[in-house]
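Heads up, the thing below is written out as structure tokens.
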Amino acid sequence: MMLSGWGRYPRQDCRVSRPRDEAAVRAQVAKGGLIARGNGRAYGDSALSRANTVDMRGFDRMLGFDETTGQLVAESGVLLADVIRVFLPRGWFPFVTPGTKFVTLGGMIAADVHGKNHHCEGGFGGFVDWIDVMGPDGAVRRTLPGDDLFAWTVGGMGLTGVILRAAFRLRRVETGWIRQRTIPTANLADTLTAFQTHHDARYSVAWIDCLSRGADLGRSLLTLGDHADLDDLSAEQRKAPFAPPARRTLGMPLDAPGFLLNRHTVAAFNRAYYKRGLAAAGDALTGWDSYFYPLDAILGWNRIYGRRGFVQFQCALPLETSAAGLTDLLQTISATGLGSFLAVLKRLGPQGAGLSFPMEGHTLALDFPATPAALALLADLDRITLAHGGRFYLAKDSRLTPDMLRRTDPRVAAFRAMRDAAALPASFSSSQSERLYL
Amino acid sequence: MTLLPVLILGARSDIGLAVAHRFAAAGHPIQLAARAPETLEADRADLALRHGVAVTLHTFDVLDTASHPGFVADLGTLPQIAVCAVGLMGDQAGSEADPAAAALVLRSNFEGPAAILGLLANRFEARGSGTIVGISSVAGNRGRATNYVYGSAKAGFTAWLSGLRNRLAKKGVNVLTVLPGFVATRMTAGLDLPAKLTAQPTEVAEAVFRAVTAGRSVIYVRPIWALIMTIIRNIPEPLFKRMKL
């Protein structure tokens, strides 16, 4: 069947199976060329295999929860949205969450997803206690932090085997509310200083106006947050502390026509968004859903880019080159006028193990319609990232070249050597791993 | 108010599990009954964790009717609602060639379910409350060459449920007959089913939950099936017998 990632680019004709038990997964592993797929939220071709894509959403059972440690054991196809729905009313929330709750446990491990707290608490993998992985021989191994297999599986894009089950920890929270502070910044230097000033904030992220130029280049809305305590709530809110008002979800009923998305509409959106942010600056109490998952309220928002789909660009830059690198990237983007609705800047903490994406520094994420002009711009952004010692996020990628990837990330060669030594490439491969020789 | 349990007979089936989740979400404790119930441990844990209800596992063999009284006695609490999701599609050609294979289909879909639901119905009648839910099939509405052994067993089961409903209507016990039509389950995996006519197990579960709550008698999960089966039932026999269905 025709399949794509969240960016709807590329689309490929893939053989898809949906096993319900280990024996059925084992039968697929024996055929080779397998990639496990969760809820399809990686943007590009990470979870596509023409020969053998295995939809793991049939493995969606929660198996055990320890009230003393907050450890949840679950099958890999369990959705984060279900984890929150079940456990937030009991006072628990994930330690690390990406920007959508419609991801599976297996997908979060395979991409070692990060959230708005990476600068102080690290990535998702840091809260995983063990993983059951089915290897090329069909045997299931339980791997623990410290093992080589564990290190390569966290962030390993499903290329070490099929993640079947895992144990990970949730944090205690008193409410489902977030104390939020919005700080407008005037330019890039101001933005980076604000990140540094507020390094002790648990959550921080900046929306960046990627079409601003000159003295305004890099102007942003920095949003800080932390879980609200019961004391932060009004008497009315305290009656149901885990139930902030439900949000209306809107569907995206059809693909937006391409002409709706041009430099004028995007620039207008960016200006309006910044102005709205200026007006709303200051402290506020907001629900967990709108704070962590603003885009989940628009189901199928990826269709806003129309039928051709879109591509994400996400790089990380080291701390020392962040200012120069981001200036270079933003000037290049602004000059082309190919603006992005969603340009997000985030401070990252220390690097994790294996192929994990984050590095101490900053990460910039942007999306563009999958047009020839945008793809040419992204190739320029690749070169700028390389020149400043940065690297790329595989979960967002659909168009890097193997040469560019290796030059930015020496760990890739070690990953491939490990795969070769364990005879993994014949059994586990995705369109991305073939394109990038992972 | 403490809700009484919902018993799922044939708990390994996708429809049975989906129904269990729906009633657990409404706060009912769940009793899962199947052969080798220890293999349902992951489903037990999932139901209990997601919905915060008590879930128990019970050994149950629909064909071993002699064991049924003991099974009911061992349930502990008599359920408020008993759902029979037991079913065996069988293989029509195999049933035609081998009477033993046909007997297995007949017993699994009719004799066994009628035996256990009959016992439970008597207990419900004595208590003066309860709901019996039988997952039957549109295949029972008219025998067709391609699956009449299965279809006739379901026809028997549907007629049996109808009679039971008639008998217990004045005794505070409701009997619900569910005719799901095509459902995307393990039983139908590999069959090429038309999407518009095929329900998901969660859809069946939602329909069952609503029908039980509303005290309904017979439901089709997707309304289109009522129309389809009306047409099929009304095709004149001289024409019908020449058709390939």
Side-chain angles (χ1 to χ4, degrees), chain A residues 1-2 15-25 27-28 54-92 94 101 104-105 132 140 142 164-170 242-243, chain B residues 8 10-28 30 32 34-57 85 89 182-195 198-203 205-206:
Chain A
M1 60 186 290
M2 293 307 289
R15 291 174 75 100
V16 182
S17 61
R18 187 168 177 156
R20 298 284 298 271
D21 51 45
E22 277 185 30
V25 178
Q28 294 302 324
V54 174
D55 180 345
M56 293 299 288
R57 286 176 298 179
F59 281 71
D60 65 345
R61 294 174 297 191
M62 300 182 190
L63 303 173
F65 185 67
D66 186 331
E67 289 279 350
T68 55
T69 60
Q71 187 198 61
L72 175 63
V73 178
E75 293 180 327
S76 56
V78 163
L79 283 180
L80 186 61
D82 283 347
V83 172
I84 295 169
R85 190 170 50 73
V86 168
F87 289 99
L88 180 59
R90 302 177 204 178
W92 300 91
K101 59 187 179 294
T104 62
L105 172 58
D132 277 354
V140 179
R142 178 156 300 181
L164 296 173
R165 280 173 293 273
F168 66 109
R169 273 163 290 134
L170 305 177
F242 295 111
Chain B
I8 309 290
R12 209 181 314 283
S13 84
D14 290 321
I15 293 178
L17 273 175
V19 171
H21 274 281
R22 186 60 190 86
F23 280 98
H28 284 277
I30 301 293
L32 298 177
R35 277 178 299 183
E38 64 281 1
T39 59
L40 290 174
E41 174 51 34
D43 295 296
R44 189 204 63 72
D46 186 47
L47 274 162
L49 275 172
R50 281 180 190 254
H51 309 293
V53 297
V55 182
T56 49
L57 299 178
M89 181 80 90
F182 296 147
V183 185
T185 65
R186 258 173 285 204
M187 192 161 91
T188 59
L191 300 181
D192 189 20
L193 301 178
T198 306
Q200 294 302 311
T202 49
E203 214 178 316
E206 185 62 32

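Each chain gets a letter, A, B and so on, in the order its sequence line appears, and its residues count up from 1. Not measured: the values here are computed from a predicted model.
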Portion of A/Val78 that has a non-hydrogen atom of chain B nearer than 4.5 angstrom: side chain

Shortest non-hydrogen separation from B/Arg50 to A/Asp82 and the atoms involved: NH1-OD2, 3.2 Å

Residues of residues 54-63 of chain A near chain B, each having a heavy atom less than 4.5 Å away: A/Asp60, A/Arg61, A/Met62, A/Leu63

Residues in residues 39-47 of chain B near chain A [non-hydrogen atoms, under 4.5 Å]: B/Ala42, B/Asp43, B/Ala45, B/Asp46

Structural part of A/Arg18 lying under 4.5 Å from a heavy atom of chain B: neither

